[in-house]
Amino acid sequence: QVQLVESGGGSVQAGGSLRLSCVASRNTYSRRCMGWFRQAPGKEREGVAAISADGFSTYYTDSVKGRFTISRDNAKNTMYLQMNSLKPEDTAMYHCAARPDGWWCNSWSRQSDYNYWGQGTQVTVSS
């Protein structure tokens, strides 16, 4: 089992920034592709970003490119999502997720390939 705990959400005005963190409970975290997903009220959950196990490859959905940055610190079993220039449409519950041990990030936004999920942290952006 891998437990994932997100933090860092909150309420900000448009144009502001937040940094989300996701801490994993097991040291096999460093061998897993990790991702951030979000779900807004009344909408389906969507992929936001993903990062390879070694941190060298990153992936983003088009709507956040140039504004969000995903990173990880394997020594701390922690993944981050730096969110800048936030927009009201970024308002959602943000979840981190982990793929099985040793999996790559190909088709990174395919949610069925992630077998561990955190409870989420709420991000609210006001105009």
Side-chain angles (χ1 to χ4, degrees):
Q1 284 283 352
V2 176
Q3 290 185 325
L4 303 174
V5 179
E6 305 95 335
S7 62
S11 297
V12 296
Q13 290 190 328
S17 298
L18 286 172
R19 189 193 195 200
L20 306 184
S21 298
C22 172
V23 180
S25 62
R26 291 188 61 180
N27 57 13
T28 56
Y29 159 86
S30 64
R31 301 199 295 261
R32 300 173 186 268
C33 168
M34 299 287 296
W36 285 101
F37 293 79
R38 66 185 180 186
Q39 187 168 21
K43 294 187 177 181
E44 293 187 354
R45 188 166 58 189
E46 64 171 347
V48 177
I51 187 167
S52 60
D54 58 11
F56 290 151
S57 298
T58 57
Y59 311 85
Y60 298 93
T61 192
D62 286 346
S63 63
V64 307
K65 285 180 180 177
R67 300 189 298 122
F68 291 10
T69 302
I70 190 171
S71 62
R72 65 193 295 166
D73 184 341
N74 286 346
K76 296 182 179 180
N77 286 3
T78 303
M79 176 177 65
Y80 305 97
L81 186 66
Q82 178 67 44
M83 305 186 296
N84 298 330
S85 302
L86 282 162
K87 304 176 180 180
E89 50 264 44
D90 294 318
T91 294
M93 182 70 77
Y94 283 71
H95 300 268
C96 66
R99 281 191 164 180
D101 190 358
W103 280 40
W104 290 10
C105 281
N106 50 306
S107 300
W108 68 270
S109 62
R110 189 161 59 203
Q111 299 180 38
S112 59
D113 285 350
Y114 293 81
N115 57 341
Y116 295 108
W117 293 81
Q119 291 298 309
T121 185
Q122 178 68 37
V123 172
T124 303
V125 185
S126 58
S127 57

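Basis for what follows: all heavy atoms, side chains included, without hydrogens, waters or symmetry-related copies.
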Mark yes or no for whether [X], through its side chain, and [Y], through its backbone, hold a donor-acceptor pair below 3.5 Å.
X: Arg31; Y: Gly102; result: no
X: Arg110; Y: Asn106; result: no
X: Tyr94; Y: Glu6; result: no
X: Gln3; Y: Ser25; result: no

Over all heavy atoms of both residues, which pair between [X] and [Y] is shortest? Give the atoms and the distance, please.
X: His95; Y: Gln119; result: CE1-O, 3.1 Å
X: Asn115; Y: Pro100; result: OD1-N, 3.4 Å
X: Ala40; Y: Ala92; result: N-CB, 3.8 Å
X: Ser21; Y: Thr78; result: CB-CG2, 4.4 Å
X: Pro88; Y: Ser126; result: CG-C, 4.5 Å
X: Ala24; Y: Leu4; result: CB-CD2, 3.7 Å

With clusters defined by side-chain heavy atoms of hydrophobic residues (ILVMFWY) lying less than 4.5 Å apart, directly or transitively, does Met34 cluster with Val23?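 Different clusters.
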Are Met93 and Leu81 connected in a single hydrophobic cluster, I mean Ile/Leu/Val/Met/Phe/Trp/Tyr linked by side-chain heavy atoms less than 4.5 Å apart?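 Hydrophobic grouping puts Leu81 apart from Met93.
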From [X] [atom1] over to [Y] [atom2], what is the distance, rounded to the nearest 0.5 angstrom?
X: Thr58; Y: Arg72; atom1: OG1; atom2: CZ; answer: 11.5 Å
X: Asp113; Y: Cys105; atom1: CG; atom2: SG; answer: 10.0 Å
X: Ile70; Y: Met83; atom1: CD1; atom2: CE; answer: 11.5 Å
X: Ser52; Y: Arg99; atom1: OG; atom2: CZ; answer: 11.5 Å
X: Cys96; Y: Ile51; atom1: SG; atom2: CD1; answer: 12.5 Å
X: Tyr80; Y: Ser71; atom1: OH; atom2: OG; answer: 7.0 Å

Side-chain heavy-atom pair [X], [Y] within 4.5 angstrom cut-off:
X: Asp90; Y: Arg38; answer: yes
X: Arg32; Y: Asp101; answer: yes
X: Ser7; Y: Thr121; answer: no
X: Cys22; Y: Trp36; answer: yes

Take Phe68 and Leu18 through the test side chain to side chain contact (heavy atoms under 4.5 Å, CB included) and record every step on the way to the result. CA-CA 10 Å; Phe68 291 10; Leu18 286 172; over 6 Å; no
Tyr114: hydrophobic cluster co-members (side-chain, 4.5 Å):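 Direct or chained contacts put Tyr114 with Phe37, Tyr59, Trp108, Trp117.
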Please indicate whether Gln82 has more than 12 foreign heavy atoms, meaning atoms of other residues, nucleotides or ligands, lying under 6.0 Å from its CD.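 Enclosed.
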